[in-house]
There are 2 protein chains.
Amino acid sequence: MRILKMLQIKPLCVCEITDILQLAASTVSQHLSILKKEGFILEDREGKWVNYLINQRPGDQRISAILSSLDFWIGDNQLIDTDKQKVKVVDRYKVCGL
Amino acid sequence: MRILKMLQIKPLCVCEITDILQLAASTVSQHLSILKKEGFILEDREGKWVNYLINQRPGDQRISAILSSLDFWIGDNQLIDTDKQKVKVVDRYKVCGL
DNA sequence: TAAATAATTCGGTAAATAGCGAATTAGAAG
DNA sequence: CTTCTAATTCGCTATTTACCGAATTATTTA
């Protein structure tokens, strides 16, 4: 869910998300694969990076309903806001490969 | 969550909810006590029954935000719909004390 | 082609949530 | 005052979900 809200700001690659959420890459990758399988997000390979982005035209009606009402979704809003801030300033070239 | 959606239809007592969800009374009671503690619902004692109803004026802004956007909440919609059907026809005098 | 980086898959553990039954409390009714 | 029914509390188990590390794959770059 935090991932979906971040992707609302802009597409991100796995290592950027990993850095922002402070989780293991494997964990992030698993979540992304589920979101992809269910049709919430799309994958866009760009060289050695894999960018993920919100699926604008989900096949399933229910998925698009969820995505378009994402803003009503509840969570730790303080956390979500700082996530979004980080998304805005994250720099792939600094963050990946440490 | 299923409980909140049912209470949108009308106030219910514990044994009605127990009957509809097919769960142990203790389980239902626990969920209700959490919902009450957080301010989602109110308790209204009526003789030996305790009715629960959606709190129309929650103290916390966030709670009212959640309640008013309840319809956007996702779940097993088929299940939710049959729950609601049952709420409409449930009869306290038949259901309690079996 | 070898080394380096991004990502994934797999197997397992940890944490959170949901559930139950037994014992207890509160009120109603005999 | 005793019994009956609705509801609650408590301790525990089961299920689900989140997460990690190690091994592996894909791609770029030296």
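Within every chain, numbering begins at 1; the chains are lettered A, B, ... in the order of the sequence lines, protein sequences first and strands thereafter.
When each of A:Gln22 and A:Glu46 is assigned the nucleotide of DNA chain D bearing its nearest heavy atom, the one mapping closer to the 5' terminus is A:Gln22.
Rounded to an integer number of Å, the gap from B:Asp76 CG to C:dA18 P is 15 Å. Counting to the nearest Å, the P atom of C:dA4 and the NZ atom of A:Lys48 are 12 Å from each other. Following rounding to the nearest Å, B:Asp19 (CG) and D:dT5 (P) show an atom-to-atom distance of 16 Å. When the C1' atom of C:dG21 is taken as reference, atom CG of B:Leu23 falls 14 Å away, rounded to whole Å. Atom P of nucleotide D:dA7 and atom CG of B:Leu35 are separated by 16 Å, given to the nearest angstrom. Following rounding to the nearest Å, B:Asp44 (CG) and C:dA26 (C1') show an atom-to-atom distance of 16 Å. Atom CD1 of B:Ile17 and atom P of D:dA7 are 9 Å apart (whole Å). Residue A:Ile3 contributes atom CD1, which lies 11 Å from atom C1' of D:dA18 at whole-angstrom precision.
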Tabulate atom names and distances for all N/O pairs under 3.5 angstrom spanning the protein and nucleotides 8-13 of chain C.
{"from": "C:dT8", "atom 1": "OP1", "to": "A:Tyr52", "atom 2": "OH", "distance (Å)": "2.3"}
{"from": "C:dT8", "atom 1": "OP2", "to": "A:Ser29", "atom 2": "OG", "distance (Å)": "2.5"}
{"from": "C:dT8", "atom 1": "O5'", "to": "A:Ser29", "atom 2": "OG", "distance (Å)": "3.1"}
{"from": "C:dC10", "atom 1": "N4", "to": "A:Gln30", "atom 2": "NE2", "distance (Å)": "3.2"}

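The SG atoms of A:Cys96 and A:Cys15 are placed within less than 2.5 angstrom of each other.
Here the straight-line distance linking atom CG of A:Leu32 with atom CD1 of A:Ile3 works out to 4.5 Å at 0.5 Å rounding.
Scored by the side chain to side chain donor-acceptor pair (under 3.5 Å) test, A:Arg92 finds A:Glu16, A:Asn51 as partners (sequence neighbours excluded).
There is a path of hydrophobic side-chain contacts, each under 4.5 Å, that joins A:Val50 to A:Met6.
Counting only distance, with no hydrogens or angles, the side chain of A:Ser29 and the backbone of A:Ala25 share no donor-acceptor pair below 3.5 Å. Side-chain atoms of B:Lys5 never come within 3.5 Å of backbone atoms of B:Asp83 as a donor-acceptor pair (strictly under, hydrogens ignored).
For D:dC19, one of the phosphate oxygens OP1 or OP2 lies less than 4.0 angstrom from a side-chain nitrogen or oxygen of A:His31.
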